[in-house]
Amino acid sequence: MTTAHLPGHPHIDYRGDALTIEEVPLSGLAREHGSPLFVYSKASMLSALAAYQRGFVGRQARICYAMKANSSLAILQVFAQAGCGFDIVSAGELERVLAAGGQAETIIFSGVGKTRAEMRQALHAGIGCFNVESEAELDVLNEVALSLGLRAPVSIRVNPNVDPKTHPYISTGLKGNKFGIAHERTLLTYQRAAALKGLKVVGIDCHIGSQITEETPYLDAMDRVLDLVQAIEAAGIALHHIDFGGGLGIDYNGETPPAADGLWAKLLAKLDARGYGQRQLMIEPGRSLVGNAGVCITEVLYLKPGEQKNFCIVDAAMNDLPRPAMYQAFHQIVPVNKRSGSTEVWEVVGPVCESGDWLGHERALNVQTGDQLAVLSAGAYCMSMASNYNSRGRAAELLVDGAKVHVIRQRESLADQIHNERLVG
Ligand code: LLP
């Protein structure tokens with residue numbers, strides 16, 4: 001059984017018995033805007049970003065928000081206005097950045113399966129860099145760029161074969177993963193890229209995984225990347241930037257990941273020691289910028305106590321919050337308004353017709369039908385992974401800024417869901 005722990009956060013906390021985000025108590029928001037409902041704190045995102053910015057004072061660094069974590073337009077706008085670039089993985093993400101006011105030249109394009117059409121679109125837009133993930137992709141990008149009379153800026157994503165010690169689905173820098181180019185082949189691949197007329201080598205890139213809570217994998221990966229930088233430059237190929245990926249974890253349930261500024265003090269010391277401290281640096285954080293800035297409010301529909309288990313059936317489900325079903329991930333679930341009295345142990349589940357539709361196992365809660373619960377750490381990889389399974393409309397989203405509440409996404413209607421569908425004949 002798990003007892004509640006509120007991830008350390010200055011902007012989402014109880015005031016008395018009422019869970020509050022910045023200056024706004026959460027209970028009124030779901031009454032006004034319906035449930036389930038995602039609510040984000042702008043101050044929380046900016047303070048997470050500030051930790052990285054502090055870490056890079058005096059350096060040439062670009063923080064490219066990995067928008068797959070949460071690609072809602074207003075969230076992108078917050079990061080664009082705060083001076084971030086963006087890490088994208090599709091043409092859809094490219095269009096979202098541009099629609100939110102982001103600048104094309106601050107964009108880096110990652111991903112193992114970029115299509116020719118996506119490459120063309122990104123080249124036309126004038127993005128900053130393609131992070132190329134295979135030799136075959138290098139050839140295709142070269143062809144596409146030549147056909148447009150352009151040169152594609154590239155960086156090669158190296159797979160440093162470092163264990164990030166995280167969930168297997170979100171570790172990406174091991175030999176058995178589909179990502180990047182094996183570090184043994186990196187030099188050869190750079191030599192090949194440098195010889196292609198449609199490409200311009202601008203950097204090197206590496207990303208080892210996600211929800212990393214230890215600093216050792218980062219330090220090890222940095223050593224390997226710098227060995228490669230040295231070898232590549234010794235072969236006469238200049239690297240303008242070093243992109244160190246994202247992956248820093250957050251506190252879901254008492255994890256203690258390194259703080260961004262502390263981690264970067266150590267990484268920068270390594271860079272300095274080897275003479276690369278004044279290079280252009282790039283990073284691609286996603287989860288650590290938005291994860292603990294968001295909550296999902298859900299209403300208790302039914303209580304169903306049983307012989308073996310007590311079920312607390314809520315109106316949010318695996319289509320809204322896919323991480324528990326997909327990765328057995330843990331999210332804190334806490335009352336929006338605390339009740340006095342004793343708790344019971346509940347399985348918190350959603351209405352979707354799947355036994356895998358659970359949000360939390362064995363949670364100690366004092367709840368009644370009609371209560372609101374908050375699923376914490378819901379700012380990253382929740383709305384961006386939400387689906388319409390069971391023909392459920394996606395939730396609404398609010399952005400709180402001090403005492404101001406902005407509706408940044410309307411609840412999805414059935415008309416929205418069936419918009420592109422046609423009956424036969
Ligand atoms: N850069 C690249 C190339 C990536 O593949 C990723 C995440 C990031 C940056 C951002 O990583 P972050 O800082 O957010 O850890 N859906 C999973 C996470 C998948 C992460 C995929 N790549 C989850 O809910 O845990």
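Both counts, for ligands and for their atoms, begin at 1 and track the order of listing. Quick note: numbers below take in every heavy atom, side chains included, and nothing from hydrogens, waters or symmetry partners. This structure is a prediction, so every number in the text was calculated from the model and none was measured.
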Inset, instruction - Go through ligand 1 atom by atom and flag the ones less than 4.0 Å from a non-hydrogen atom of R287. - result: 12 (P), 13 (O), 14 (O), 18 (C), 23 (C), 25 (O)
Inset, instruction - Determine, for F79 and R62, whether the Lys NZ or Arg CZ falls below 6.0 Å from the six-membered ring centre while staying within 45 degrees of the axis. - result: no
Inset, instruction - Measure N131 to ligand 1 on non-hydrogen atoms and call it side chain, backbone, both or neither using the 4.0 Å cut-off. - result: neither
Legend entry - G128 backbone acceptor or donor facing E105 side chain under 3.5 Å: no
Legend entry - Under 4.0 Å to a heavy atom of A66 - the qualifying atoms of ligand 1, by number: 8 (C), 9 (C), 10 (C)
Inset, instruction - Classify the ring geometry between F244 and Y218 as parallel (under 30°), tilted (30 to 60°) or perpendicular (over 60°). - result: tilted
Inset, instruction - Have a look at ligand 1 and work out which part of E284, if any, has a heavy atom under 4.0 Å from it: side chain, backbone, both or neither. - result: both
Inset, instruction - Look at the aromatic rings of W264 and F56 and report parallel, tilted or perpendicular, splitting at 30° and 60°. - result: tilted
Legend entry - Test side chain to side chain contact (heavy atoms under 4.5 Å, CB included) applied to L321 and V314, D357, V375, the passing residue: V375
Legend entry - Charged N-O contact under 4.0 Å between R394 and D416: no
Legend entry - Contact (N/O only, under 3.5 Å) between Y327 and ligand 1: yes
Legend entry - Sole candidate of I237, L196, I156 that passes side chain to side chain contact (heavy atoms under 4.5 Å, CB included) when paired with V201: I237
Legend entry - Pairwise distance CG(L138) to CZ(F130) - rounded to 0.5 angstrom: 12.0 Å
Inset, instruction - Find all atoms of ligand 1 within a distance of less than 4.0 Å from any non-hydrogen atom belonging to P285, and give their numbers and elements. - result: 13 (O)
Inset, instruction - Please indicate whether any nitrogen or oxygen in R157 is less than 3.5 Å from any nitrogen or oxygen in ligand 1. - result: no
Legend entry - Numbering as shown, the atoms of ligand 1 that approach G286 to under 4.0 Å (heavy-atom distance): 12 (P), 13 (O), 14 (O)
Inset, instruction - Determine whether any heavy atom of S288 lies closer than 4.0 Å to an atom of ligand 1. - result: no
Inset, instruction - Give the atoms of ligand 1, by number and element, whose distance to some non-hydrogen atom of G247 is under 4.0 Å. - result: 11 (O), 12 (P), 13 (O), 15 (O)
Legend entry - Whether over 12 other heavy atoms sit under 6.0 Å from R185 CZ: no
Inset, instruction - Report the part of M326 (side chain from C-beta onward, or backbone N, CA, C, O) that has a heavy atom under 4.0 Å from ligand 1; answer both or neither where that applies. - result: neither
Legend entry - Ligand-side contact atoms (ligand 1) for residue partner K68, heavy atom cut-off under 4.0 Å: 2 (C), 4 (C), 5 (O), 6 (C), 7 (C), 8 (C), 21 (C), 22 (N)
Legend entry - Sub-4.0 Å atoms of ligand 1 with respect to non-hydrogen atoms of D87: 1 (N), 2 (C), 9 (C)
Inset, instruction - State whether the shortest distance between N or O atoms of G246 and N or O atoms of ligand 1 falls below 3.5 angstrom. - result: no
